[in-house]
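Each chain gets a letter, A, B and so on, in the order the sequences are listed, and its residues count up from 1. Not measured: the values here are computed from a predicted model.
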There are 2 protein chains.
Amino acid sequence: MGTGYDEETERWRARFRNGCASRTVLEVLANKWALYVLSALRRSGGPMRFNDLRRLLGDITQKMLTQTLRNLERDGLVSRAVYPTVPPRVEYALTELGLDVGTLTDAVGEWAVVHAPQIIAARTHYDERAAAGPLPLSVGR
Amino acid sequence: MGTGYDEETERWRARFRNGCASRTVLEVLANKWALYVLSALRRSGGPMRFNDLRRLLGDITQKMLTQTLRNLERDGLVSRAVYPTVPPRVEYALTELGLDVGTLTDAVGEWAVVHAPQIIAARTHYDERAAAGPLPLSVGR
DNA sequence: CTGGATCCTAAATGATACTG
DNA sequence: CAGTATCATTTAGGATCCAG
């Protein structure tokens, strides 16, 4: 027994049932701080220490910075170098993969500067209509 | 009194303090189902009814499909047309903006098919090392 | 200086039952 | 058919304190 879908459709469905590559990438980037940490490391052009990042990012807590850096390290975008001096010195830098993801975030950024305003506008418009009470009956277009 | 950063750095910090456009876009796309719903509507090339989407997506619940569609509609990516027949008939389709976001998700997809395997590999490698116990002392590299 | 450990709140997701 | 409402569970994010 099949599912009632043709083979091409089945392939399309299978693609996201077992983990879609696009979503893996989006999950890496879409948490609250990842983009900013990557951007900071990119801007510096070299390694940055923990507290330099912390100060630059301003209102990130230690915990979230640690967590974000750990995730980026785990995903291979950031490298972590520990110098066992006292006081300790830890430097974070982009890996090749982390550098490469910059081409993608640039693409996102370019699309965003053009279209994010439209999204915001649509959102505002939608919220205003919703606040005005239930629609009379949106028939067709 | 300033913050101790130069003007260019201050501009960089300000950019994400009050809402970064890239993050707005990522937040729209990075929930569990948005990408798949957009992809389904794109594939169909025309409007789709609620239960057609539901069946095609397979294991999405009614609630999550409704929620995802509402958000996409609110953000201006999807349009909703209600035909007050009985039983009711509701059709969802991509707006121009929703169609346009396809160029972005394509870019994400292309980067992803090349690099997601590297991310997965890095992750596995990291987890294996972590499971092997605390590292002896990672000096430098 | 770096960051681990804990406790807490809020948000996302999901299961289930009900309705015009 | 296309939802809404409710409750439970999971995950993300954050505040605070402590330690090598």
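Rounded to whole Å, the distance from CZ on R49(B) to C1' on dG3(D) is 13 Å. Rounding to whole angstrom units, CE of residue M64(A) and P of dA12(D) are separated by 9 Å. Atom OH in Y83(B) sits about 18 Å away from atom C1' in dG3(D), given to the nearest Å. Residue I60(A) contributes atom CD1, which lies 11 Å from atom P of dA15(D) at whole-angstrom precision. For the pair N31(B) CG and dT11(D) C1', the interatomic distance rounds to 15 Å; values are reported in whole Å. With rounding to whole Å, Q62(A) atom CD is found 17 Å from dG13(D) atom P. Spacing between atom CG of L53(B) and atom C1' of dG3(D) amounts to 14 Å, rounded to whole angstrom units. M48(B) places its CE atom 15 Å from the C1' atom of dC1(D), with the value rounded to the nearest Å.
Both L65(B) and Y5(A) sit in one connected hydrophobic cluster of ILVMFWY residues. Membership requires side-chain heavy atoms under 4.5 Å apart, directly or through other members. Cluster annotation: L104(B) is connected to L99(B) through the hydrophobic network of ILVMFWY side chains, with a link wherever side-chain heavy atoms come within less than 4.5 Å.
Using a 4.0 Å cut-off between a side-chain N of Lys or Arg and a carboxylate O of Asp or Glu, E8(B) and R11(B) do not qualify as a salt bridge.
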Original post:
Can you check side chain to side chain contact (heavy atoms under 4.5 Å, CB included) on K32(B) and I60(B), steps first, answer last?
Top reply: CA-CA 10 Å; K32(B) 187 164 178 183; I60(B) 191 173; over 6 Å; no

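Y126(A) OH to R74(B) CZ: the interatomic distance, rounded to the nearest 0.5 Å, is 8.0 Å.
Protein chain B contacts DNA chain C over a range whose 5' and 3' limits, counting nucleotides with an atom under 4.0 angstrom from a non-hydrogen atom, are dT13(C) to dG20(C).
Between W12(A) and F16(A), the ring-plane angle classifies as perpendicular under the 30° and 60° cut-offs.
At least one donor-acceptor pair closer than 3.5 Å links the side chain of T66(B) to the backbone N or O of Q62(B).
Residues Q67(A) and F50(B) each lie close to DNA chain D; by heavy-atom proximity, the contact nearer the 5' end of the strand is made by F50(B). Between K63(B) and Y92(B), the residue anchored closer to the 5' end of DNA chain D is Y92(B), taking for each the nucleotide with the nearest heavy atom.
Within 4.0 Å of R54(A), counting heavy atoms only, lies no atom of the nucleic acid at all.
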